[in-house]
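Structure record follows, encoded as structure tokens.
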Amino acid sequence: MTIQWFPGHMTKARRQIEEKLKLIDVVIELLDARIPLSSRNPMVDEILKGKPRLVLLNKNDLADPQVTAEWVKYFAEQGLPALPIDAANGTHVKEILPRVKQLWAHKIETMLRKGINPRAIRALIVGIPNVGKSTLINQLAGKKIAATGDKPGVTKGQQWIKVGTEMDLLDTPGILWPKFEDQMVGMRLAATGAIKEELLHLDDVALFTIKYMVQHYGAGIQERFGVQELPEDMENIQEMVKVMEAIGRKRGAIVSGGKVDLDKASLIIIRDLRAGKMGRISLERPF
Ligand code: GDP
């Protein structure tokens, strides 16, 4: 289920995170590696109020590794350590604890100096819906505890999950809302499946995707779909539709009379993209 965010929901979500922040030492901010800024809550700095933070670029199995490396640099320049992971397969998940420990090392040193036995670091995962919070919690816990997907009806008492002996993780993540104001952000969220494509026009989302791919992954499109010539003018919608038609034809989205069914082609393009069938594609760059 995709949450429809209204001002009341945002206020409630913010209050819930603020309550959780009182209990924790370090925040793990989960972003989608394919669209790190578009999958980021616009008020996150204000909400987290300077808590030590590790950024995780999730679903990196679907993202362009070169672009992800640039994002890691981008966040480092902002003073935020960032680690690309793939929560679904557990890739790099083992590196999270050492990174969290680095963020908390100064506190542990102070405690040791005072002769206090350091307790486990308390961490909270935050992120927008569908970014992979529950999947990551399950990976870190080493078993299935968090319900994947958004199930607002399912509430339980706050519990801690032991991640080894050195980290305790809150079992319910902090749910943040995405940005809405910018239409391009909406397109990126819809293309990657963070928001329901029905919230926008499917063909607009597919067209946005194709435009971006022609611009940044042209060779892949030509090779995969046998498209002879790619449009040079990115604003030429007619030419872009021709690319969509070529893809639709190749993927069998044909109606009687041999015409391409553009709605069906749009759906195929978006499904292929989300499933990684178009290759590893990032839809946002840090420049
Ligand atoms: P939440 O709403 O943030 O808790 O997100 P979920 O954990 O329910 O994940 C949303 C969807 O993304 C699910 O279908 C997951 O299987 C999928 N997912 C989560 N992490 C990854 C990942 O690293 N790679 C891929 N390809 N899919 C992922």
Side-chain angles (χ1 to χ4, degrees), residues 1-5 9-10 12-14 16-17 20 27-36 38-41 44 47-48 53-65 67-69 71-72 82-96 99 123-156 158-159 161 163 169-179 188-197 199 209 270-284:
M1 191 202 134
T2 301
I3 299 171
Q4 291 275 3
W5 292 97
H9 296 147
M10 294 184 198
K12 191 170 168 212
R14 183 173 181 165
Q16 282 175 343
I17 289 192
K20 289 180 178 157
V27 175
I28 296 172
E29 185 189 9
L30 207 51
L31 304 177
D32 187 319
R34 297 165 294 174
I35 53 164
S38 294
S39 61
R40 192 168 214 208
N41 173 273
V44 71
I47 294 171
L48 300 181
R53 192 183 342 165
L54 173 66
V55 170
L56 296 181
L57 301 170
N58 193 35
K59 308 198 185 184
N60 191 43
D61 54 313
L62 300 172
D64 180 335
V67 179
T68 300
W71 279 114
V72 170
L83 174 69
I85 63 156
D86 161 8
N89 293 306
T91 316
H92 299 303
V93 166
K94 290 232 173 339
E95 288 165 41
I96 296 173
R99 293 299 202 87
L124 166 71
I125 292 174
V126 303
I128 65 167
N130 284 322
V131 75
K133 298 179 295 301
S134 310
T135 308
L136 178 61
I137 291 175
N138 287 327
Q139 276 288 349
L140 286 169
K143 55 182 184 242
K144 187 156 176 60
I145 20 161
T148 41
D150 305 309
K151 299 191 182 61
V154 185
T155 46
K156 35 187 177 158
Q158 202 75 81
Q159 295 198 10
I161 294 160
V163 182
L169 183 69
L170 268 189
D171 73 334
T172 49
I175 302 174
L176 288 164
W177 59 94
K179 290 179 212 167
R188 292 185 197 107
L189 289 168
T192 53
I195 57 173
K196 271 193 184 159
E197 61 262 19
L199 292 177
T209 304
I270 290 167
R271 293 224 169 121
D272 278 9
L273 175 83
R274 288 181 186 172
K277 287 187 188 164
M278 302 256 206
R280 293 178 70 177
I281 307 282
S282 292
L283 292 174
E284 191 169 48

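Whatever order the structure lists ligands and atoms in, that order sets their numbers, starting from 1. On a predicted model such as this, the values are computed, not experimentally measured, just so you know.
- Looking only at side-chain heavy atoms (C-beta outward), Ile128 and Trp177 stay at 4.5 Å or farther from each other.
- In terms of polar-atom proximity, Lys133 is counted as a contact of ligand 1, with an N or O under 3.5 Å from an N or O of the ligand.
- Between Ile161 and Leu140, every side-chain heavy-atom pair lies at or beyond the 4.5 Å cut-off.
- Between Pro129 and ligand 1, not a single N/O pair is under 3.5 Å apart.
- The shortest side-chain heavy-atom distance between Ile17 and Arg14 does not fall under the 4.5 Å cut-off.
- Residue contact check: Val131 has heavy atoms under 4.0 Å from atoms 3 (O), 5 (O) of ligand 1.
- Considering only heavy atoms from C-beta on, Lys179 stays 4.5 Å or farther from Ser38 through its side chain.
- Considering backbone and side-chain atoms alike, Leu62 places every N or O at 3.5 Å or more from each N or O of ligand 1.
- For ligand 1, none of its N or O atoms has an N or O atom of Ile85 under 3.5 Å away.
- Counting heavy atoms from C-beta on, the side chains of Leu83 and Ile96 come closer than 4.5 Å.
- The option with the heavy atom closest to atom 15 (C) of ligand 1, from among Asn60, Asn58, Thr135, is Thr135.
- With a heavy-atom cut-off of 4.0 Å, Leu136 does not touch ligand 1 at all.
- Under 4.0 Å from ligand 1, the heavy atoms of Asp61 that appear belong solely to its side chain.
- Checking Asn89, Thr68, Asp86, Asp32 one by one against Asn60, the side chain to side chain donor-acceptor pair (under 3.5 Å) holds for a single residue, Thr68.
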